[in-house]
2 protein chains.
Amino acid sequence: MTSSPQTSAFAPAGGAVHTPKADMDVMRCLVCDIRNKSLCSSMDEEGLAALAHSSRQLLLPPGTTIVEEGEPALAFFNVTRGTVKLFKSLPDGRRQITGFADAGQFLGLSTAQTYSFGAETVDNVRLCRFLRPQLEALLSDYPTFERRLLAAVTDKLAEAQEQMLLLGRKTAREKVATFLLDRMRAFHQTANRRQEAENMASVPMTRVDIADYLGLTIETVSRTISAFRRSMLIASAENHRIRILSVATLLNIASGQKAD
Amino acid sequence: MTSSPQTSAFAPAGGAVHTPKADMDVMRCLVCDIRNKSLCSSMDEEGLAALAHSSRQLLLPPGTTIVEEGEPALAFFNVTRGTVKLFKSLPDGRRQITGFADAGQFLGLSTAQTYSFGAETVDNVRLCRFLRPQLEALLSDYPTFERRLLAAVTDKLAEAQEQMLLLGRKTAREKVATFLLDRMRAFHQTANRRQEAENMASVPMTRVDIADYLGLTIETVSRTISAFRRSMLIASAENHRIRILSVATLLNIASGQKAD
DNA sequence: CGAGTTATTGACTCCCCTCAAATGATGTGG
DNA sequence: CCACATCATTTGAGGGGAGTCAATAACTCG
């Protein structure tokens, strides 16, 4: 909504006077700590400025609705901090979480007029919102950006297929093992210091969310995690974190070998 | 393989002498009966000629492997007739079919060096194969084609999310009802004559495939279909076809209402 | 510290799986 | 055209893994 005059430190010479706010806005993507990950990595400096110009940054507390199933698909988002859950529901309230979008992931793409899924923040989330016309302009103006988005959606599809294998054919034990390893990888990718990330998994979501993601009940999730803890495969850590004590064993379990 | 002399009435005037083979090749997409559906619909006549030039047509019998899990991802395919199954497997043989690609659907997209899934024909299949460099050239040369592919992948992702809801949260009864309705829609889209397609579902795949698609066993699939038949919700027809007698009731079941 | 939320653990149930056998469909050669 | 082999599907009987219901324990945050 705010249409501010945009002339930045990197802009070609010109005498325009501009507000600090506008300055900050155009800088946002250039200094963003995930500009080299995610879709944004397809952009050069000029492109990053265009991204900043096309988007608006949002800071949202845990449990905030980002998009609602069935509502008009007006915007596209890029997560730059925190974790978002995507889900679909049945009329009686049964819910399936189809994925978690961590920092660097996008969400909100739709060819239909309305969203076919809901999205909600898990923890404190920072994201960039692109309204649809602006996203389309970016796609047209920056072929590398469009190519990068195509690749990102393709990756998401491969992920979805992997998750279908999990939901349709894995046991509870295998599901939870897979989940913990995935969370370890996610933490590894988003953690600032690699050292402390070693064998650590970030699990900011509740048991309800985990159950709805794995197609289980909270009781089964809880029992399975307890069993892993008793078997010394994992150990609890502070701040919704779990330390993986035996990656190899969990890998075996996750891929269906019956090795304990 | 059979190259029959093909010089058609639609060929542009011009004195160039060319082989019948080349003629046929360049015409293939221009006369394809699904050129207005699928990705190809993004192309004008010149584009269709480019498509034909970039691809090779394959005719495959049932049970033929198209791509193998873990093999180099060298090609991209567009199904123009028949049905293809896509799947992922666990080391011990458990399998999840992640989708069926009917006429007009694509398959084989991958950002990785290797395919993360397998694909096999269900019945007699005709498809167009694009080698990777040629696909990439098409994407660069025809922006509308790339945009269309992005939309197609986005749709596939939405489908995958719907299937995750099914796999994770629906009962056997709900799964089978959903499947039958989906097959009805698929038949509706690909049938030549709309009249006979009314309430008809094409089910060319075996019980094993259906079970692996729905995350069930063949016995449960069979029992559930038998129960629907006894309840007069469906009736068997010739040629792997099923007539839906009560779409409304099946819709209720598929969406989780307990209405019989 | 207490009220509300979230997680764990236990006892029991049930839906779907497993194992097994019969029936039906498809194709092949005599 | 039929006998026979093979494969796919159906149906039945019984068992088990995850769900349901219920109570307790452990957080979280005024």
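Here is how names work: the chains are called A, B, and so on, in the same order as the sequence lines, proteins then strands, and each is numbered from 1.
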(request) Verify, without hydrogens or angle tests, whether A:T121 (side chain) and A:T64 (backbone) share a donor-acceptor contact under 3.5 angstrom. (result) yes

(message) Reading DNA chain C from 5' onward, which residue's closest nucleotide shows up sooner: B:G215 or A:I218?
(response) A:I218

(message) Would the distance check show the side chain of B:S110 and the main-chain N or O of B:Y115 forming a donor-acceptor pair, the cut-off being under 3.5 Å?
(response) no

(request) Mind calculating the distance between CG (B:L166) and P (C:dC16) to the nearest angstrom? (result) 12 Å

(message) Using OP1 and OP2 only, check whether a side-chain N or O of A:S226 sits under 4.0 Å from C:dT9.
(response) yes

(request) Quickly work out the B:L167 CG to D:dA18 P distance and round it to whole Å. (result) 16 Å

(message) Tell me whether the side-chain N/O atoms of B:T220 come closer than 4.0 Å to OP1 or OP2 in C:dC16.
(response) no

(request) Using whole Å, report how far CD1 of B:I225 lies from P of D:dA8. (result) 16 Å

(message) Using a 3.5 Å distance criterion without hydrogens, assess whether the side chain of A:D123 forms a donor-acceptor pair with backbone atoms of A:T83.
(response) yes

(request) Please answer whether the main-chain N or O of A:Q189 pairs with a side-chain N or O of A:K37 as donor and acceptor at a distance below 3.5 Å. (result) yes

(request) Grab the CE-P distance between A:M205 and C:dT5 for me, whole Å please. (result) 22 Å

(request) State, without any angle test, whether A:Q96 and B:K170 hold a side-chain donor-acceptor pair at a distance under 3.5 Å. (result) no

(request) Could you state the atom-to-atom distance from CZ of A:R207 to P of D:dA18 in whole Å? (result) 17 Å

(message) At less than 3.5 Å, do the side-chain atoms of B:R223 and the base atoms of D:dG12 form a donor-acceptor pair?
(response) yes

(message) Checking contacts here: which listed nucleotide (C:dC17, C:dT8, D:dT9) is nearest the side-chain heavy atoms of B:T206?
(response) D:dT9

(request) Would you kindly give the CZ-to-P distance between B:R169 and C:dC16, to the nearest whole Å? (result) 14 Å

(request) Map A:E219 and A:K170 onto DNA chain D by nearest heavy atom, then report which one ends up closer to the 5' terminus. (result) A:K170

(request) Check the distance between C:dA25's C1' and B:E238's CD and give it to me in whole angstrom. (result) 15 Å

(request) Measure from NE2 on B:H240 to P on D:dT9 and round the result to the nearest Å. (result) 7 Å

(message) Tell me whether the side-chain N/O atoms of A:R229 come closer than 4.0 Å to OP1 or OP2 in C:dT8.
(response) yes

(request) Counting heavy atoms from C-beta on, name the nucleotide in C:dC16, C:dT8, D:dT9 closest to the side chain of A:S222. (result) C:dT8

(request) Give the nucleotide from the list D:dA18, D:dT10, C:dC16 with an atom nearest to the side chain of A:A172. (result) D:dA18

